[in-house]
Amino acid sequence: MRKILLIICILGAFSMMNAQEKLQHGLLLGGGKGNISSPIDPSYIDGNGGHINGFYTNYLGNASLGYRIRINRIKVPKDFLDIDMNVNAKAWKATEWYRFESSQIPEASGYGDFGMGGTSMMLCFSISSTYNYRIFKGLNAGIGIAPTYFLENQDDRGLDIPLMVKVGYDFKFLEIGMNYKYGLLNTLKEDFLKSGKFRDWQINLFIPF
């Protein structure tokens, strides 16, 4: 009997919670750019016993495809929670500059710099959670975190937990927004890098069903 009463109480509480919330869900599209914070470890710099003269990155862009669940609170209509599940792609160019002597390159005389690099891309999966507030009419802003797991990151670290801020305007049938993610963990791993953290911004379209 007690178990039955407990189950009834749990179901009743769950029903009351659902009655106080209104769910929305739909497609989420995004694209943008950013930069990569990648300072060199001083011990690897030429002149300090190292061989690296510079490391430069050019963040080409990012794109995402996902699904959003929005939890609207009926009793507090200005507050809502967004849970976004995204598959993301990031692409960038990186160039490493090395110091060489003429003995290493016969055609050169004295000392010089030699650059090498290429284009890289990583796929990742993220689940973000943001607390949001409706400021005026359709204008809203939010803050949260976006734990990200890199699917193709064999040599680098596979996890990041960026802080996330966002703004948007809800037209009811469509919401246009912008977000900025500040990576906290090193996701680029090279011996000569002191850190390798992503800073992303994106323009988003939320299309509710």
Checklist entry - Are the side chains of Asp79 and Tyr133 in touch, meaning some heavy atoms are under 4.5 Å apart? => result yes

Checklist entry - With the 4.5 Å side-chain cut-off for hydrophobic clustering, are Leu163 and Tyr131 part of the same group? => result no

Next on the checklist: Hydrophobic cluster membership, with links at side-chain heavy-atom distances under 4.5 Å among I/L/V/M/F/W/Y: are Leu29 and Val87 in one?
Outcome noted: yes

Next on the checklist: Working to the nearest 0.5 angstrom, can you tell me the gap between Met164 CE and Asp200 CG?
Outcome noted: 10.5 Å

Checklist entry - Hey, which of Ile71, Thr130, Asn140 is the one that makes side chain to side chain contact (heavy atoms under 4.5 Å, CB included) with Phe80? => result Asn140

Checklist entry - Between Lys93 and Leu60, which heavy-atom pair has the shortest distance, and what is it? => result CG-CD1, 4.0 Å

Checklist entry - Closest approach of Ala63 and Gln202, non-hydrogen atoms and distance? => result C-NE2, 4.0 Å

Checklist outcome for this item: On a heavy-atom basis, the closest approach of Gly30 and Asn204 is CA-ND2, 3.6 Å

Checklist entry - If only atom types and distance count, is the side chain of Arg134 paired as donor or acceptor with the main-chain N or O of Pro77 below 3.5 Å? => result yes

Checklist entry - For the atom pair CG (Leu159) and OG1 (Thr148), what is the distance rounded to the nearest 0.5 Å? => result 8.0 Å

Checklist entry - Quick one: does Tyr182's side chain get under 4.5 Å of Arg199's, heavy atoms only? => result yes

Checklist entry - Does the side chain of Phe206 come within less than 4.5 Å of Arg70's, by heavy atoms? => result yes

Checklist entry - Step by step, would you call Phe198 with Asn62 a side-chain contact (heavy atoms from CB on, under 4.5 Å)? => result CA-CA 11 Å; Phe198 281 95; Asn62 60 63; over 6 Å; no

Item to check | Minimum heavy-atom distance Ala146-Ser128, with the two atoms named | outcome: CB-CB, 3.6 Å

Checklist entry - Where do Gly142 and Asn132 come nearest, in terms of heavy atoms and distance? => result CA-OD1, 3.3 Å

Checklist entry - Just how far is it from atom CD1 of Ile143 to atom NZ of Lys166, taken to the nearest 0.5 Å? => result 11.5 Å

Item to check | Hydrophobic cluster membership, Val165 vs Ile203, 4.5 Å side-chain cutoff | outcome: yes

Next on the checklist: Pairing donors with acceptors under 3.5 angstrom, does anything connect the side chains of Asn88 and Ser126?
Outcome noted: yes

Checklist entry - Do side-chain atoms of Asp160 reach the backbone of Leu185 as a donor and acceptor pair under 3.5 angstrom? => result yes

Checklist entry - About how many Å separate OG of Ser64 and CG of Asn179, when rounded to the nearest 0.5 Å? => result 8.0 Å

Checklist entry - Between CD1 of Ile69 and CG of Leu28, what distance do you get to the nearest 0.5 Å? => result 11.5 Å

Checklist entry - Parallel under 30°, tilted from 30 to 60°, perpendicular over 60°: which one fits the rings of Tyr67 and Phe209? => result tilted

Item to check | Residue pairs fulfilling ring-ring contact (aromatic ring centres under 6.0 Å, His included) with at least one residue in residues 160-180, sequence neighbours excluded | outcome: Tyr169-Phe171

